[in-house]
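See below for the structure under consideration.
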Amino acid sequence: MTGGGLLVAGTTSDAGKSVVTAGICRWLARKGLRVAPFKAQNMSLNSYVTRQGAEIGRAQAMQAAAARTEPSALMNPVLLKPGGDRTSQVVLLGKPVGEMSARGYFGRRTGEAGGVRYGRREELLETVVGCLEELRRTHDAVICEGAGSPAEINLRRSDIVNMGLARACRLPVVVVGDIDRGGVFASLFGTTALLSREDQELVAGYLVNKFRGDVSLLEPGLEMLRGLTGRPTLGVLPHRHGLGIDEEDGLRVSLRGTVRESAVAAPHGADVLRVAVLPVPLMSNFTDVDALAAEPGVVVRFCDRPEELADADLVVVPGTRGTVRALAWLRERGLAAALARRAAEGRPVLGICGGYQLLGERIEDEVESRAGVVEGLGLLPVRVRFAQDKTLARPHGTALGEPVDAYEIHHGVAEVLDGEAFLTGADGRALDGCRVGTVWGTHWHGSLESDGFRRAFLRRVAADAGRAFVPAPDTRFAALREEQLDRLGDLIEEHADTAALLRLIEEGVPTGLPFVAPGAP
C-alpha cells in the first residue's frame with residue numbers, strides 16, 4: 001500500500017515552507033503515523049551526513065527529527081551546494097558527482113561527471129520520483145517541501161521540486177504565504193494565476209504564515225481570496241519568535257544579524273561570554289554555533305570588521321565551501337591580522353572545517369578553487385591538501401575528557417605537524433584537529449552539540465578570556481531541539497485546519513478546483 005503525500009509550496013523563498021513541513025511532520029508523528037519529509041532538490045550550504053554516509057540538506061535532517069525517523073538520502077535526492085554565483089556542486093543520492101553551472105543544470109544540455117548524467121530534467125525527475133515512491137511504500141505519509149516559488153515560469157520546464165514533482169506524483173499542493181512581508185493576498189493569488197491549468201488543478205489551498213494581530217481582521221480578505229480562486233485558506237499561523245530551524249542557505253545570512261532573534265538567557269555565573277562568528281564567503285554549516293547560542297549567558301553575533309572582535313571572548317571561523325576565497329576575504333578586511341593578534345595574545349579562536357583549514361600553514365587546492373598552493377594564516381601547524389573524493393562520516397571521539405559525536409563533510413585532508421590533537425579515540429589515538437595554545441581547529445561539525453564537551457570547552461574559553469562565566473549544568477541541546485520541534489507541531493495543530501490537511505494527505509487532490517486566469521504564458 002502506498003502512503004499519502006502532500007507538497008508544501010511557498011510564494012517566495014523563506015515564506016516558511018521548511019517550518020510548515022517540519023510542523024506537519026511532528027503533528028503527524030504525534031498522531032502515531034509513520035511520516036517522512038522529502039525535498040526533491042535543495043540548494044543549500046548547510047548539509048548533514050546520514051548514518052549511511054550520504055550528504056543531504058540539513059533542513060531535511062531536521063524535518064526527519066520532527067518526523068521521529070532516521071534521515072536518509074531518499075529524503076533529499078538532489079542537493080546543490082553553491083560554489084559561487086554561477087556554479088554549484090551537484091550531490092546526487094548523497095554523493096557528489098561534480099560541479100555544474102546554473103545554465104547547464106537548468107538548461108536542456110546534458111552534463112556528465114563521475115559517470116552520472118545529470119543535466120536532463122527527465123533523468124532527474126525519474127530519480128526523485130523513484131525516491132518519493134519508495135518513501136511512500138514504507139510510510140503512511142510523506143510531506144514534501146517545494147523550493148523557491150512554484151510560479152518561477154522561467155524554470156517551469158526544468159522543474160522537479162515544485163509543480164513538476166506534484167504533477168508527476170499527483171500530489172495535492174498547499175501554498176504558504178508570508179504575511180509579515182506584506183502583500184500576501186497578491187502573492188497567493190498571483191502564484192496561482194501564473195500556473196498552467198494542469199498545475200492549478202493540484203493547488204488545493206493556502207496557509208498564511210507569520211501573522212501578527214487579530215485574525216478576525218484578516219478573515220474578510222481570506223473569504224475574498226476564496227471567492228477569487230475557489231480555494232480555502234487552511235490556517236493562519238501566528239508569528240513566533242525563536243522558531244528558527246536549521247537554515248537552508250548560508251548565503252542569505254545577514255552580516256549584521258544574530259544567530260537567533262530570541263533573547264539571551266541570563267548567565268549562570270557572574271559574566272556573559274561573547275562569541276563572534278566570522279561570516280566568511282560561502283559560509284556552510286554555520287548551525288554549528290547554535291549550540292553555543294543555546295547556552296544561558298552566551299551572546300553569539302556575526303561580525304565582519306576587525307574592531308568588532310575586540311571584546312569577543314571567542315572568535316569562531318565557521319565552515320565554507322570556498323576555503324581559499326574565504327582566506328582572501330579575511331585578509332582584505334583586516335580580519336586575518338586581527339586573528340593573528342588574538343593568537344599572539346592568547347585569546348581563544350576556534351576554526352571548524354573550512355575555518356580550521358585556513359588557520360593552517362598551507363593549502364594545496366586543485367579541487368575546490370584550483371588555486372594551487374596558497375599560504376594559510378599560519379596559526380596552526382597544519383597543511384591541507386584537497387582530495388577529489390569528499391570525506392563523509394559520522395565520527396565519535398573524546399575531547400577535554402568528554403564524549404563527542406559529530407559529522408564530517410570536506411574535501412580537505414589535513415596533515416597535522418605539531419600541537420595537541422583536538423579529538424582522540426578511546427585509546428588516546430589522535431582522530432582529528434589540532435590545538436596550539438588558545439587556537440583550536442577541527443573538521444568535525446556538530447561537536448558543540450555534545451553537552452559535556454561544550455561545557456568543558458566553554459569553561460576553558462572563559463578561563464583563557466578571564467571571564468567569570470560558568471556554563472549552566474543542565475542545558476541539554478537535544479532536548480531544546482525537541483522542544484522546538486514540538487512547538488512547530490503545536491503551531492500546526494492549534495492554528496491549521498488539520499482535518500482538511502489530513503483529507504488531502506489521505507485522499508489526494510480534490511476534484512473541481514477552478515482555473516484562475518490568465519494561467520502560465
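Positions are given from 1 along the sequence.
- The closest side-chain heavy-atom distance from D288 to V316 is not below 4.5 Å.
- When atom types are taken as modelled, the side chain of E368 and the backbone of F386 share no donor-acceptor pair closer than 3.5 angstrom.
- Residues that satisfy the ring pair (Phe, Tyr, Trp, His ring centres under 6.0 Å) test with W440, not counting sequence neighbours, are F422, F457.
- Judged by distance alone, the side chains of D432 and T442 do bring a donor and an acceptor atom under 3.5 Å apart.
- Ionic pairing of D490 and R487 is not present here: no N-O contact between side-chain nitrogen and carboxylate oxygen is shorter than 4.0 angstrom.
- With salt bridges taken as basic N to acidic carboxylate O contacts below 4.0 Å, none links R301 and E308.
- Side-chain contact between H445 and V49 is absent, with no heavy atoms from C-beta onward closer than 4.5 Å.
- Q60 places a side-chain heavy atom less than 4.5 Å from the side chain of E145.
- Closest approach of S47 to K81, counting heavy atoms only: OG-NZ, 3.2 Å.
- Every residue meeting the side-chain contact (heavy atoms from CB on, under 4.5 Å) condition with L431, not counting sequence neighbours, appears here in chain and number order: R429, W444.
- Of the possible polar contacts, none joining the R331 side chain to the R333 backbone as a donor-acceptor pair under 3.5 Å is found.
- Residue pairs satisfying the salt bridge (charged side-chain N to carboxylate O under 4.0 Å, His left out) criterion with at least one member in residues 461-477, sequence neighbours excluded, are listed as follows: D313-R467.
- Annotation: D389, atom CG; neighbour count of heavy atoms from other residues, nucleotides and ligands within 6.0 Å does not exceed 12.
- Considering every non-hydrogen atom in both V349 and V317, the closest pair reads CG1-CG2, 4.5 Å.
- Counting only residues at least two apart or on different chains, no ring pair (Phe, Tyr, Trp, His ring centres under 6.0 Å) pair has a member in residues 458-499.
- Counting only distance, with no hydrogens or angles, the side chain of N42 and the backbone of I56 share no donor-acceptor pair below 3.5 Å.
- How far CG of L80 is from CG of L45: 10.5 Å, rounded to the nearest 0.5 Å.
- Checked for salt-bridge contact, D365 and R325 miss the test: no charged N lies under 4.0 Å from a carboxylate O.
- When all heavy atoms of A67 and P37 are compared, the closest pair comes out as CB-CD, 4.3 Å.
- Applying the ring pair (Phe, Tyr, Trp, His ring centres under 6.0 Å) test to residues at least two apart or on different chains, the pairs with a partner in residues 28-84 are Y48-Y407.
- In this structure, OG1 in T475 is found 9.0 Å from NE2 in H268, a value given to the nearest 0.5 Å.
- No donor-acceptor distance shorter than 3.5 angstrom exists from the side chain of K17 to the backbone of S149, with no hydrogens or angles considered.
- For D140, the side-chain contact (heavy atoms from CB on, under 4.5 Å) partners at least two apart in sequence or on another chain are L33, R34.
- With sequence neighbours left out, the side-chain contact (heavy atoms from CB on, under 4.5 Å) criterion links A340 to L379.
- Looking at K95, its side chain never comes within 3.5 Å of a backbone N or O of K390 through a donor-acceptor pair.
- Looking at residues two or more places apart in sequence or on another chain, you find no salt bridge (charged side-chain N to carboxylate O under 4.0 Å, His left out) involving D497.
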Please list every donor-acceptor pair under 3.5 Å in which a side-chain atom of residues 68-78 meets a protein atom from a residue at least two apart or in another chain.
unit_1	atom_1	unit_2	atom_2	d
E70	OE2	R51	NE	3.2
S72	OG	L74	N	3.2
N76	OD1	G57	N	2.8
N76	ND2	K39	O	3.0
N76	ND2	V78	O	3.0

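- For E402, the side-chain contact (heavy atoms from CB on, under 4.5 Å) partners two or more places apart in sequence, or in a different chain, are F453, A456.
- Residue pairs meeting the ring pair (Phe, Tyr, Trp, His ring centres under 6.0 Å) criterion with at least one member in residues 56-84, sequence neighbours excluded, do not occur.
- Side chain of S447 to main chain of A406: no donor-acceptor pair is present (N/O by atom type, distance under 3.5 Å, no hydrogens or angles).
- No side-chain donor-acceptor contact under 3.5 Å links E493 and T498.
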Distance-only donor-acceptor pairs under 3.5 Å for side chains of residues 410-418, two or more places apart:
unit_1	atom_1	unit_2	atom_2	d
H410	ND1	G412	O	2.7
H410	NE2	E408	OE1	2.8
H411	ND1	A387	O	3.0
H411	ND1	Q388	O	3.3
H411	NE2	Q89	NE2	3.1

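- Side-chain contact between R30 and D486 is present, with heavy atoms from C-beta onward closer than 4.5 Å.
- Put simply, the side chain of R342 gets close to the backbone of A312: a donor and an acceptor are under 3.5 Å apart.
- The side-chain heavy atoms of L485 and M62, taken from C-beta on, include a pair separated by under 4.5 Å.
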